[in-house]
Amino acid sequence: TTFPNVFLRTRTRTRTNHHSLKITSIMIIDNNLTSKFNLYLRDVLRRSRRTCQEYDKDLRYFIEWSKIASTPLPIDEVTTPIVCAYVAAMTSRGLSAATIKRRVSCLRSFYSWLSLHQSREIAPAQRILTPKITSRLVVPANENAVREYLYKTPATDAQLQVKFTVAMMYACGLRLSEVLALRGSDFDFPRRLVHIIGKGNKERFCLYDASFEPLIMHFVGGSTDPLFDNPNEATFRWAIIHAVRHDGRGIHPHQIRHLYACRCLENGMPLKTLSLLLGHSSVKTTERYLNIDRRLLAGSVSLYAPTL
C-alpha cells in the first residue's frame, strides 16, 4: 500500500521536564513513555483494560506508519496535516470507520497527556474529522438457543465457567469483560444484586431473577475472591461462540446482551432504567434497541399511527 509522503522519520531527541519524562523521536519511542501513557489511561481517565490494550496497539501502529517517511520529526512536534495524512492512509487501506475513529481518539488522548507533562499545548489530532460510523441494527441472540444451552448443558467443571458467563449475560445484560471481572464479594445473594464495574471503571448494580440463583450460587459458592483467574477474553468469546449455536452458527456473546435488552423493552421496562442497567453513558445508545423491538414498535403503531 502506498502511503502519503509524510515526513516523520527518525531523529532521536531527548527532553526532560520537571517530571523527568523522556521525549524521543516518533520512530524510536521510549517504552517508558508508552508505559506512563498506559498508566494515565488506566488511573486518570479510568479506561478499561481492553481500551488500554487497544490504545497501546494503536499508538504503536502510528509509530510504525511513520517509519515510511524520510525527514526527521520528534513525536512532540507532530502537526495536524501529518495526522490528516495518517487518517488518509488508513482510509486508503480500507480500515473501518470505527477503527479510524478509535486510532484518532488514541492520538488525542496521547497528546493531551503529553501536553500536561510538557506544560504546553500539543493537539495535532484535536480538530481532525473522522469518518462517520454507520449505525447498524443490532441482532439479538436466538432466545431458544440460549435457554436450551443453559438448561441442557451439564454443570461440569469443564463447562461451568462458560455456562456461568452465558447465564450472567442473559440474566443481567452484562458485557463479557464485566462478567470476567466479577468477584465473589460483588454478589448480594439475599437481594439478588450484583455490583458491576463497567467501562471506564463506572460502577452500577444489576439484579437477576430467582431462576438463575441455583447456577450462580453453585459457581460462586462462598468465595469473595475473583471468580476467574487471569481470564483471556478472546478465549472465552470463542468458547461461547462454539458452545451456544443456532442453525449451525455460533452466537456472539454480545448478542446475548442484546437479547437481554430486547426482552426488557418488550416487558415494558422504561428506556432510562434499561440504560442504567446496561451501563450506557447516554440514553441515545440504548435507543438503538427500539429499532429491533418489533413487537414494541407494532404496538406503538397500532396505538398512535393514523388509520382509515
Side-chain angles (χ1 to χ4, degrees), residues 31 34-58 60 141 146-147 149-209 211-245 250-260 277-279:
N31 282 331
T34 57
S35 297
K36 289 185 177 182
F37 174 56
N38 268 303
L39 289 175
Y40 169 74
L41 290 174
R42 189 191 69 187
D43 299 336
V44 179
L45 298 187
R46 299 176 64 122
R47 298 288 187 250
S48 67
R49 182 175 63 176
R50 186 174 181 184
T51 298
C52 292
Q53 291 171 345
E54 292 299 319
Y55 273 27
D56 183 67
K57 288 190 289 187
D58 291 341
R60 294 180 188 280
V146 175
R147 293 171 68 88
Y149 170 76
L150 291 174
Y151 276 120
K152 293 186 176 181
T153 304
T156 60
D157 290 341
Q159 286 290 329
L160 188 56
Q161 284 191 335
V162 176
K163 188 172 182 177
F164 170 79
T165 303
V166 172
M168 290 304 300
M169 298 183 76
Y170 182 41
C172 302
L174 303 187
R175 302 176 179 94
L176 177 57
S177 59
E178 293 170 344
V179 179
L180 298 181
L182 286 173
R183 306 173 64 93
S185 57
D186 290 327
F187 288 84
D188 181 348
F189 289 116
R191 294 188 291 176
R192 297 199 298 274
L193 276 176
V194 192
H195 173 244
I196 308 298
I197 299 178
K199 282 186 174 180
N201 287 333
K202 289 181 290 186
E203 300 181 50
R204 69 184 192 276
F205 284 95
C206 291
L207 297 94
Y208 55 87
D209 186 75
S211 58
F212 291 93
E213 196 165 28
L215 173 59
I216 294 173
M217 293 190 72
H218 174 60
F219 183 79
V220 177
S223 171
T224 59
D225 298 327
L227 299 179
F228 299 89
D229 183 20
N230 195 24
N232 184 298
E233 189 173 331
T235 300
F236 272 86
R237 187 180 302 115
W238 283 110
I240 293 172
I241 291 172
H242 179 75
V244 189
R245 306 186 70 82
I251 290 176
H252 193 281
H254 216 66
Q255 290 180 284
I256 304 173
R257 175 174 160 89
H258 295 332
L259 174 62
Y260 169 84
L277 289 174
L278 291 175

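Start at 1 with the first residue, then count along the sequence.
Taking the six-membered ring where the residue is Trp, His254 and His252 present perpendicular rings, their angle passing 60° and hence far from 30°.
A 4.5 Å side-chain heavy-atom check between Leu215 and Leu160 finds at least one atom pair inside the cut-off. With contacts defined as side-chain heavy-atom distances shorter than 4.5 Å, the pair Val194/Ile216 does not qualify. Counting only heavy atoms from C-beta outward, the side chains of Phe164 and Met168 approach each other to under 4.5 Å. Annotation: side chain of Phe187 is in contact with side chain of Leu227 (closest heavy-atom distance under 4.5 Å). Within the 4.5 Å cutoff, the side chain of Phe236 has heavy atoms near those of the Gln161 side chain. Put simply, the side chain of Pro253 does not reach to within 4.5 Å of the side chain of Val166, judged on heavy atoms. Within the 4.5 Å cutoff, no side-chain heavy atoms of Lys163 are placed close to those of His218. Proximity of Ile251 to Ile256: side-chain heavy atoms (C-beta onward) are separated by under 4.5 Å at one or more points.
For the residue pair Ala167 and Phe212, the shortest heavy atom distance occurs at O-CE2, 3.8 Å. Across every non-hydrogen atom of Met169 and Leu176, the tightest pair is CE-N, 3.8 Å. Nearest heavy atom pair, residue Arg191 against residue Asp188, reads NE-OD2, 2.7 Å. Scanning both residues, Tyr149 and Gln159, for their nearest heavy atoms gives OH-OE1, 3.3 Å. Considering all non-hydrogen atoms of both residues, Glu178 and Gly198 come closest at OE2-CA, 3.3 Å. Here the closest non-hydrogen pair linking Ser177 and Glu233 is CB-OE1, 3.5 Å.
Note that CG of Leu278 and NE2 of His258 are 10.0 Å apart. Values are rounded to the nearest 0.5 Å. The CZ atom of Phe37 lies 8.5 Å from the SG atom of Cys52; values are rounded to the nearest 0.5 Å. Between Gln255 atom CD and Ile240 atom CD1 the span is 11.5 Å, to the nearest 0.5 Å. Separating the CG atom in Asp209 from the CZ atom in Arg192 is a distance of 6.5 Å, to the nearest 0.5 Å.
Dense packing is recorded around NE2 of His195, with more than 12 heavy atoms of other residues, nucleotides or ligands lying under 6.0 Å away. Residue Asp229 places its CG atom among 12 or fewer non-hydrogen atoms of other residues, nucleotides or ligands, all under 6.0 Å distant.
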Steps toward side chain to side chain contact (heavy atoms under 4.5 Å, CB included) verdict (Val220, Phe189):
CA-CA 10 Å; Val220 177; Phe189 289 116; 3.8 Å; yes
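Here the side chain of Asn38 pairs a donor or acceptor atom with the backbone of Thr34 at under 3.5 angstrom. Using a distance-only test at 3.5 Å, with no hydrogens or angles considered, a donor-acceptor pair links the side chain of Arg257 to the main chain of Gly173.
Ile196 pairs with exactly one of Leu182, Asp186, Leu277 by the side-chain contact (heavy atoms from CB on, under 4.5 Å) rule, that one being Leu182.
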